[in-house]
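Presented below is the structure to which this report refers.
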Amino acid sequence: TVTWNCMISGYVHNHRIADAQRIFDVMPERNVVSWTALLTGYAKCGMLEEAQEIFDRMPERNVISWNSMITAHVNWGKIDKAREMFDNMPVRNATSWAIMVSGYIHHKLVEKASALFDQAPVRAVSLYNALLSGYVELGKIKDAEDLFANLQDPNVVSWNSMLTCYARSGRMDLAKALFDKMPEKDIISWTTIIQGYLKNGNVKAAHQLFVQMPVRDIIAWNTMIGGYAQVGKLEDALQLFEMMPQRDIVSWNSILQGYVQSDDMASAWLWFRKMPQRS
RNA sequence: ACACGCUGUCCAGGCU
């Protein structure tokens, strides 16, 4: 069953819901993981009613099934329905609380998010992070700082949110100080600080860090390319574009955007025609 | 790599 479930989950990640459903139908026996994975698959494809139907039909549900269904509602704008399920679920874990707080945050309902945060029986780091990202998103620097200061044991996600906070408000001095102080940095920390320098007009510093970073994924490459493109340094952008191990649609769009930004519509059009149909 | 959640890139959209 585990092997079959892996296949379902693989298809779900690729948004191949028809194939996931096919596996689900032919597998000899299904457990709660199979059902939940399928539910998530429908939800990811925007088929909320089908997801709900699966949820209702499942022979058994655990806290993850509930969380998955709540996430589905949150992601498709049904925040009230999500809250209703949250209130009615038999058992809530730390993730349930984080999902709901994060749902409110994404709907810009910060008051509701912080009210719920205050009610949480256990303050997991992910719960803090959900609220923190909301403060950061809305530029509430002081609130973010206070919340971060209250964190007993911030993880790399918390640190990264604070990096974003300072970078977005133009305080690259604070961002860099924080970056240097981080107990551990991941690829997102590096990309965030690079993006910060780019947005604040320091392409040189950005590039230095780009060269220094231990591992670069496609998003890091795209970030640096986009930074060059935005300031009209298209040769640099193109050079990186050629160098990167693989490209996705964002890589192509970033260069395109660079041409548009430079008012070079002729090159933009040529580039557009060179773009692969899908990626 | 058996299912859910919090942080980074282009564009578009949605909400207030």
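The chains referred to below are lettered A, B, ... by the order of the sequence lines, with proteins before strands, and numbering in each begins at 1.
- Atom-to-atom, CG of A:L256 to C1' of B:U9 comes out at 15 Å; the value is rounded to the nearest Å.
- Taking atom CD1 on A:I79 and atom C1' on B:G14, their separation rounds to 14 Å, with Å as the unit.
- For A:N253 and B:C11, a side-chain-to-base donor-acceptor distance below 3.5 Å is absent, hydrogens and geometry of angles not being considered.
- Between A:K142 and A:E145 there is no salt bridge, since no side-chain nitrogen of the basic residue lies less than 4.0 Å from a carboxylate oxygen of the acidic one.
- Residue contacts shown for A:K199 are limited to sugar-phosphate atoms, with no base heavy atom under 4.0 Å away.
- Between A:W97 and A:F86, the distance from one ring center to the other falls under 6.0 angstrom.
- If you measure from atom CH2 of A:W76 to atom P of B:C15, you get 15 Å, rounded to the nearest angstrom.
- For the pair A:D217 CG and B:U7 C1', the computed distance is 13 Å after rounding to whole Å.
- In this structure, the CH2 atom of A:W190 is 18 Å from the P atom of B:U9, given to the nearest Å.
- Counting to the nearest Å, the P atom of B:C4 and the CE atom of A:M100 are 19 Å from each other.
- Within the 4.0 angstrom heavy-atom criterion, base atoms lie near A:S126.
- Side-chain atoms of A:N62 come within donor-acceptor range of the base of B:A3, with a qualifying N/O pair under 3.5 Å.
- If you check every strand for non-hydrogen atoms under 4.0 Å, A:D186 touches nothing.
- Of the candidate nucleotides B:G8, B:G5, B:C6, B:C6 has the atom nearest to the side chain of A:N129.
- At a cut-off of 3.5 angstrom, counting only N and O atoms as typed in the model, there is a donor on one side and an acceptor on the other between the side-chain of A:T191 and the base of B:G8.
- When the side-chain nitrogen and oxygen atoms of A:Q195 are compared with OP1 and OP2 of B:C10, one or more of them lie within a distance under 4.0 Å.
- In this structure, A:M69 atom CE and B:G5 atom P are separated by 13 Å, rounded to whole Å.
- Comparing A:Q257 and A:K108, the nucleotide of RNA chain B nearest to each residue sits closer to the 5' end for A:Q257.
- Here A:S9 lies in heavy-atom contact (under 4.0 Å) with a base.
- For B:G8, its base never sits under 3.5 Å from the side chain of A:N222 at any donor and acceptor pair.
- Between the side chain of A:T71 and the base of B:G5, no donor-acceptor pair of N or O atoms lies under 3.5 Å.
- Between A:Q52 and A:H73, the closest side-chain pair of non-hydrogen atoms falls below 4.5 Å.
- Using bins of under 30°, 30° to 60° and over 60° for the plane-to-plane angle, the ring pair A:W271/A:W252 lands in the tilted bin.
- If you measure from atom CG of A:N93 to atom C1' of B:C6, you get 13 Å, rounded to the nearest angstrom.
- A:W269 and A:M265 sit in two unconnected hydrophobic clusters of ILVMFWY residues. Membership requires side-chain heavy atoms under 4.5 Å apart, directly or through other members.
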